[in-house]
There are 2 protein chains.
Amino acid sequence: MDDIDGAILRELQRDGRMSMAELGSQLGIAPSTVFKRIEKLKNAGIIERFTIVINQKCFEHTLIAFLNVRVTPEKKTDVEAFMMELPSVLELYEVLEPGDFFVKVRVQSITELKREVLIPLSGLAGVRDIQTIIAVRKVKEQVQNG
Amino acid sequence: MDDIDGAILRELQRDGRMSMAELGSQLGIAPSTVFKRIEKLKNAGIIERFTIVINQKCFEHTLIAFLNVRVTPEKKTDVEAFMMELPSVLELYEVLEPGDFFVKVRVQSITELKREVLIPLSGLAGVRDIQTIIAVRKVKEQVQNG
DNA sequence: TTTGAAATCCGAGGGAA
DNA sequence: TTCCCTCGGATTTCAAA
C-alpha cells in the first residue's frame with residue numbers, strides 16, 4: 001500500500017470500470033503494472049469486490065426498521081445464524097445494551113416486516129424480546145464517511 | 001425493468017466486473033442483449049455507477065454506534081441540519097419512537113464519538129436526550145436486500 | 001517491481017430477423 | 001427487442017530488465 005495504490009482505490013471508487021490504460025496514463029505507469037497492483041489489492045482483501053451503485057429511488061417502496069433483539073446466551077449463535085440468512089436483514093451487530101443484537105432491516109411494508117422478520121424471529125427458541133424502531137423518513141444515507 | 005433487468009442488477013452488485021458473456025449465459029440471453037440492457041439501466045439512472053467496495057478494516061479501527069435523539073419540536077429542523085453536516089453521520093432517519101431521530105454513526109473510537117458527535121449534539125439547543133447503542137462486533141453488512 | 005509486446009478476450013455497434 | 005458477427009480496443013500473460 002503506497003500512494004499509487006491509494007490513487008487506484010480512489011479512482012476505482014469513482015469509476016469501477018476505468019480501464020487499466022486510462023488509470024495507467026493518469027498515474028504515469030504501465031497498464032500491466034496497474035493490473036498487477038489491482039490483483040494484489042484484491043488478493044490482500046483491500047478491494048473486497050467490484051459492484052454497482054443502484055439508485056434506490058427506483059425502488060422507493062421500502063421501509064427501514066431497526067430491531068433490538070434480546071437473546072438467551074446459549075441460543076445466541078443459533079439466532080445469529082438465523083438472522084444472517086434473512087434477506088431483509090441488511091446489517092447485524094452485536095451490542096452491549098439495550099439488547100444483544102442490533103439489526104437494520106429493509107422491507108416493503110409493515111406487513112412484510114411482521115411476516116418475514118418479527119414473527120419468524122419471535123418464534124425462534126432463545127429470542128426473549130424484540131424492540132422495533134421504524135423510520136418514517138430517510139433524511140441522509142451514505143456508505144462511506146463524508 | 002423486468003425480471004431479467006433485476007437479475008442483471010443482482011449479479012452486477014455481486015460482481016461489477018462480470019462480463020457480458022458470462023451474464024448472458026447465466027441468464028440465457030446473448031451478450032449483446034446484456035450490453036444493451038446495461039446501457040439502458042445506466043441511461044435510466046438505475047445503475048448510478050460502477051465502483052469498488054473497500055475493506056474498511058484495512059484503514060481504520062472503526063466503531064459503529066446508533067443514537068436515539070429526542071428533540072423539542074420547534075428545534076427539529078435545526079438539529080436535523082446540524083446532523084446532516086456531521087461527516088461521522090452515515091444515516092439519519094426520522095422515527096416515531098423512542099426518539100425523534102435515529103442516527104447511524106461511524107467513528108474511530110469512543111473518544112471521537114464523544115468529541116465529534118455526542119458533545120456537539122448535546123450542546124445544541126433543542127436536544128433533550130440522546131441514547132447511545134454501541135456495536136461491539138459487526139456480524140453482517142450489505143447495502144441491498146439479499 | 002516494472003515494463004513492452006504478444007495473445008487472448010471482450011465490449012460496442014451494425015444489420016437482419 | 002433480440003441475436004449474430006465483427007473489429008477495435010481492452011485485459012492478461014510473460015520474459016526481460
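Keep in mind the model is a prediction, meaning the values are calculated, not measured. Each chain gets a letter, A, B and so on, in the order its sequence line appears, and its residues count up from 1. We use all heavy atoms of the structure for the numbers below, so side chains are in, but hydrogens, waters and symmetry mates are not.
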Using a heavy-atom cut-off of 4.0 Å across all strands, would you classify Ser19(B) as base, sugar-phosphate, or nothing? sugar-phosphate

Considering every strand and a 4.0 Å limit on heavy-atom distances, what is the contact class for Thr33(A): base, sugar-phosphate, or nothing? base

Expressed in angstrom and rounded to an integer, what is the separation of Phe35(B) atom CZ from dT6(D) atom C1'? 14 Å

How many whole angstroms separate atom CG of Asp5(B) from atom P of dT1(D)? 10 Å

Verdict with reasoning, Ile134(A) to Leu96(B), per side-chain contact (heavy atoms from CB on, under 4.5 Å): CA-CA 7 Å; Ile134(A) 292 173; Leu96(B) 295 177; over 6 Å; no

note: Ile29(B), atom CD1; dC4(D), atom P; distance rounded to Å ~ 12 Å

Interface limits on DNA chain C, where chain B has a heavy atom under 4.0 Å of a nucleotide atom: dG11(C) to dG15(C)

What is the distance, rounded to the nearest whole Å, between atom CE of Met20(B) and atom C1' of dG9(D)? 14 Å

Measuring from Glu91(B):CD to Glu91(A):CD, what's the distance to the nearest 0.5 Å? 6.0 Å

Between Glu39(B) and Lys42(B) (salt bridge meaning N to carboxylate O under 4.0 Å), is one present in this structure? yes

When we call it a touch if two heavy atoms are under 4.0 Å apart, what does Arg17(A) touch: a base, just sugar-phosphate, or nothing? nothing

Residue that, paired with Leu67(A), satisfies side chain to side chain contact (heavy atoms under 4.5 Å, CB included) out of Val89(A), Leu92(A), Leu121(A): Leu121(A)

Output for pair (Leu9(B) CG, Ile4(B) CD1), nearest 0.5 Å, gives 12.0 Å

Atom CG of Asp3(B): over 12 foreign heavy atoms under 6.0 Å: no

